[in-house]
Structures are given as structure tokens and as C-alpha cells.
Amino acid sequence: MSAAEAGSVFHRARGRTLDAFPAEKEKEWKGPFYFIQGADPQFGLMKAWATGDCDSGGDEWGQEIRLTQQAVQAINKLRPKPKFFVLCGDLIHAMPGTPWRKQQTEDLQRVLGMVDQEIPLVLVSGNHDVGNVPTAETVEEFRQTWGDDYFSFWAGGVLFLVLNSQFLHDASQCPALKLAQDRWLEQQLAVARQRQCQHAIVFQHIPLFLHSIDEDDDYFNLTKAVRKELADKLIRAGIKAVFSGHYHRNAGGTYQNLDMVVSSAIGCQLGKDTHGLRIVVVTAEKIVHRYCSLDELTEKGLGGDLLALMQE
């Protein structure tokens with residue numbers, strides 16, 4: 001895939017919105033729909049994890065290529081087609097400035113370039129995409145490669161917000177960028193509070209929490225102070241759900257009326273879950289989701305019960 005071709009596919013998020021979904025056409029609720037959520041294809045982690053060298057061992061990613069190809073093929077076969085396919089971060093394993101980053105990026109872009117052109121891609125930045133401690137340079141690299149690192153879009157009457165959760169983890173090297181996202185988020189939440197959307201949903205890489213709002217701080221969640229402040233803001237604005245990855249296992253919980261959904265990986269599994277994707281059905285009243293293994297989704301597609309929800 002040439003740079004120009006990659007740009008046309010992956011740079012849909014520009015100007016803090018997604019050009020695949022013109023707001024004037026998508027603000028109106030027209031009935032139930034579904035989207036597919038994936039996370040952590042993370043080309044290179046399976047080799048690095050197997051060798052116990054996660055900092056520099058990811059010099060092979062053939063398994064991840066095959067798994068992501070299977071995911072793409074399964075998504076392309078689904079009928080009706082999903083509204084979009086969102087990948088919640090850690091697109092590749094090689095951190096900014098480390099070996100194999102360019103090759104992993106090119107291979108992932110080649111595989112994602114096979115997604116049906118009628119199924120928009122929504123790409124979320126993760127810690128391996130912008131660095132554990134992002135800088136202006138690493139964020140700009142992500143933007144040049146994949147599009148905006150935070151943005152919002154309307155789809156089917158639902159307002160979707162995509163956050164760069166690394167700013168919530170450690171923005172010490174880019175405080176101005178965090179402040180810009182904070183201000184932008186306040187504006188977006190004001191729109192959600194006006195209740196002119198059927199639902200409002202957030203995508204980010206790092207979960208607010210894995211099981212409970214009061215759990216201890218961990219590598220895989222946001223700190224208590226940060227998670228509580230953000231969760232309360234989201235709830236006041238009427239946000240129904242936050243979808244994330246990062247944990248490489250399925251998890252999640254509820255805080256008040258906010259659903260925190262943590263999806264396992266397309267790539268390397270750190271627990272007992274299978275390589276998979278999550279089907280998310282949005283109806284007028286609720287958001288229903290189910291994690292499916294890649295094999296299950298390939299063989300069975302959407303379950304009859306989920307299809308029935310879309311007939312409501």
C-alpha cells in the first residue's frame with residue numbers, strides 16, 4: 001500500500017472528526033445498528049511475550065498478521081454490514097523510536113487496507129502507539145500515520161467520543177496537548193448533556209477500571225483520582241458506555257449507570273480468553289454487546305438474538 005493509499009484509508013479522523021460520517025446525515029436516529037470493536041492487534045507482542053523480552057523481543061509478527069487477517073475476513077462477511085470497525089489501541093507493539101516500528105506499521109496498514117471500503121475504520125491510540133509517556137513528537141507521528149488521536153463523530157444518531165488515554169496516564173512531557181484534549185472534551189460533553197443524541201459512547205485504550213471504580217491502581221487501569229473524576233464527568237453528561245482494550249483479557253463493570261467494557265485482544269492473550277472481537281448492538285433503549293472468538297465470528301457471524309435486536 002502506498003503512502004497516498006494509506007492516507008486515504010487511515011486519515012479519516014481529521015479536524016477532530018471522522019469524514020466517513022458527515023454529521024448532517026448522521027445526527028438523526030434511524031433505528032438499531034451495530035458496530036464491531038477490536039483491540040490490541042499489537043504486531044510483535046506474541047513473540048516478545050513468549051521470549052520474556054517485551055522491550056526488544058518483538059522481531060516477528062506472523063501470528064498477529066494471520067489473526068488480524070482472520071478478523072478482517074470475518075468482519076467483511078457479516079450481513080448486514082457493521083456501521084464501523086473500531087480498534088481500541090495498541091495497533092503495533094514497537095514503541096516510538098524502536099526497531100521494527102516501521103515494518104509493523106506497514107504490515108498492519110496492508111492488512112487493515114483489506115477491510116471492506118464500506119465499513120469505516122475508527123482508530124484509537126494506545127500506549128504502544130504514542131508511548132507510555134507521550135511527547136508532542138510521538139503524538140504527531142501517530143497523527144501523520146493514523147489520523148487524529150482524539151475526535152468525535154456521529155453515527156446513526158449516536159455521539160461517539162474517541163480519547164487519547166495516554167494523556168490521562170502521564171502527560172508530563174506534553175501538558176499543552178492534554179489541556180487541549182481536556183477543553184475539547186468539555187465541549188463534547190456539553191453537547192452530550194443537551195441530550196440531542198440517542199446515546200453517547202466513549203472509546204479509549206486504557207480502561208477507567210477493570211472491575212470496580214474503587215479497585216487499586218494498576219498498570220492496566222487509570223489511577224483512582226483520574227478515573228473517578230472522568231467517570232463522574234461522563235455520567236453527568238449522560239455517557240452510557242466506555243469501550244477499551246489494553247488488558248488483553250475481557251473484563252469490565254458498572255459504576256452508577258456507566259458501563260465499562262474491557263475487550264480482550266485480537267493478538268496476544270494474557271489470560272484465558274480467545275483471540276476475538278466484540279459485537280455491539282445499539283438499540284433505541286440499550287447497548288448490548290458480546291465478545292466472540294475469531295473462529296466463532298467466522299463460522300456463525302451475528303447470532304440470531306443480536307439480529308433480532310436490530311429488527312426492533
Side-chain angles (χ1 to χ4, degrees), residues 12-13 16-18 20-23 25-39 82-89 119-126 148-165 168 181 184-209 213 222 227 230-247 250-263 277-291 306 309-310 312:
R12 288 175 168 164
R16 303 301 172 205
T17 192
L18 201 66
F21 292 113
K25 294 182 180 179
E26 294 290 341
K27 282 190 174 182
E28 182 181 350
W29 175 258
K30 295 179 180 177
F33 64 89
Y34 80 101
F35 62 87
I36 299 294
Q37 183 219 6
K83 191 80 171 173
F84 58 83
F85 171 33
V86 57
L87 268 176
C88 282
I119 303 172
L121 281 165
V122 179
L123 300 170
V124 182
S125 63
D148 283 347
D149 57 317
Y150 64 89
F151 54 96
S152 65
F153 64 97
W154 289 85
V158 176
L159 177 61
F160 292 93
L161 307 182
V162 175
L163 302 184
N164 182 340
S165 57
L168 304 170
Q181 177 174 265
W184 169 89
L185 180 58
E186 291 296 338
Q187 295 170 344
Q188 298 299 313
L189 294 180
V191 173
R193 276 193 299 271
Q194 294 168 8
R195 300 294 194 274
Q196 294 176 350
C197 48
Q198 192 73 22
H199 303 289
I201 294 171
V202 169
F203 298 126
Q204 61 190 53
H205 180 61
I206 302 177
L208 298 173
F209 55 87
I213 192 74
L222 295 175
R227 85 174 75 120
L230 179 55
D232 287 341
K233 282 183 182 179
L234 299 181
I235 289 166
R236 285 195 298 270
I239 302 296
K240 293 286 185 68
V242 177
F243 289 86
S244 71
H246 189 51
Y247 192 43
N250 288 308
T254 303
Y255 171 55
Q256 297 182 26
N257 57 350
L258 180 69
D259 195 11
M260 180 67 245
V261 184
V262 185
S263 292
L277 295 165
R278 190 173 296 274
I279 304 167
V280 185
V281 178
V282 183
T283 74
E285 301 299 327
K286 56 192 176 182
I287 299 162
V288 179
H289 53 87
R290 177 182 302 155
Y291 187 84
L306 296 182
L309 284 173
M310 287 184 282
E312 293 181 0

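For reference, positions follow the sequence shown, starting with 1. Worth saying up front: this structure is predicted, and the values here are computed from it rather than measured.
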Practice problem: Could you give me the CA-CA distance, side-chain angles and deciding distance for S244 and Q204, then say whether side-chain hydrogen bond (donor to acceptor under 3.5 Å, both in side chains) is met? | Solution: CA-CA 5 Å; S244 71; Q204 61 190 53; over 6 Å; no
Strictly distance-based, threshold 3.5 Å: is any side-chain N or O of [X] a donor or acceptor partner for the main-chain N or O of [Y]?
{"X": "S165", "Y": "L168", "result": "no"}
{"X": "D148", "Y": "R16", "result": "yes"}
{"X": "H199", "Y": "T283", "result": "yes"}
{"X": "Q37", "Y": "V86", "result": "no"}
{"X": "H289", "Y": "I279", "result": "no"}
{"X": "R227", "Y": "I213", "result": "yes"}

Taking the side chain as every heavy atom from C-beta outward, state whether [X] and [Y] have any pair of such atoms under 4.5 Å apart.
{"X": "L258", "Y": "K240", "value": "no"}
{"X": "S152", "Y": "W184", "value": "yes"}
{"X": "V202", "Y": "L234", "value": "yes"}
{"X": "F85", "Y": "L123", "value": "no"}
{"X": "L18", "Y": "V162", "value": "no"}
{"X": "D232", "Y": "Q256", "value": "yes"}
{"X": "V158", "Y": "F33", "value": "yes"}
{"X": "I235", "Y": "N257", "value": "yes"}

Quiz item: Taking atom CD of Q194 as the centre, does the number of heavy atoms from other residues, nucleotides or ligands within less than 6.0 Å exceed 12?
Solution: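 Yes, CD of Q194 has more than 12 neighbouring heavy atoms, counting only those of other groups under 6.0 Å.
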Quiz item: Between CE of M260 and OG1 of T254, what distance do you get to the nearest 0.5 Å?
Solution: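 That separation rounds to 10.5 Å.
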Quiz prompt | Gap between atom NZ of K83 and atom OH of Y34 - 0.5 Å precision | solution =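 Going from the OH atom of Y34 to the NZ atom of K83 covers 12.0 Å.
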Exercise. Check whether NZ of the Lys or CZ of the Arg R278 lies under 6.0 Å from the centre of the six-membered ring of F243 and within 45 degrees of that ring's axis.
Key: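 Ring-cation test returns no.
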I need the minimum non-hydrogen distance between [X] and [Y], along with the two atoms involved.
{"X": "L277", "Y": "G38", "result": "CD2-CA, 3.7 Å"}
{"X": "C88", "Y": "V124", "result": "CA-CB, 3.7 Å"}
{"X": "R236", "Y": "R193", "result": "O-CG, 3.6 Å"}
{"X": "G156", "Y": "W29", "result": "O-CE3, 3.1 Å"}
{"X": "L87", "Y": "A39", "result": "CD2-N, 3.9 Å"}
{"X": "G253", "Y": "D259", "result": "O-OD1, 3.5 Å"}

Quiz item: Going by the angle between their ring planes, with limits at 30° and 60°, are F84 and F35 parallel, tilted or perpendicular?
Solution: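 Parallel, since the angle between the ring planes stays under 30°.
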Practice problem: Please work out whether the ring planes of F21 and F153 are parallel, tilted or perpendicular, with thresholds of 30° and 60°. | Solution: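 Parallel: the ring planes of F21 and F153 meet at under 30°.
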Quiz item: Are I36 and V280 close enough, and set up right, to give a side chain to side chain contact (heavy atoms under 4.5 Å, CB included), and what steps lead you there?
Solution: CA-CA 6 Å; I36 299 294; V280 185; over 6 Å; no
Exercise. Take I201 and I287, measure what side chain to side chain contact (heavy atoms under 4.5 Å, CB included) needs, and give me the verdict at the end.
Key: CA-CA 10 Å; I201 294 171; I287 299 162; 3.6 Å; yes
Quiz item: Ring centres of F160 and W154 under 6.0 Å apart?
Solution: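 Ring centroids of F160 and W154 are no less than 6.0 Å from each other.
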Quiz item: Should Q198 and K30 be marked as a side chain to side chain contact (heavy atoms under 4.5 Å, CB included) after you check the CA-CA gap, both sets of side-chain angles, and the distance that decides it?
Solution: CA-CA 10 Å; Q198 192 73 22; K30 295 179 180 177; over 6 Å; no
Quiz prompt | Verdict with reasoning, K233 to I239, per side chain to side chain contact (heavy atoms under 4.5 Å, CB included) | solution = CA-CA 9 Å; K233 282 183 182 179; I239 302 296; over 6 Å; no
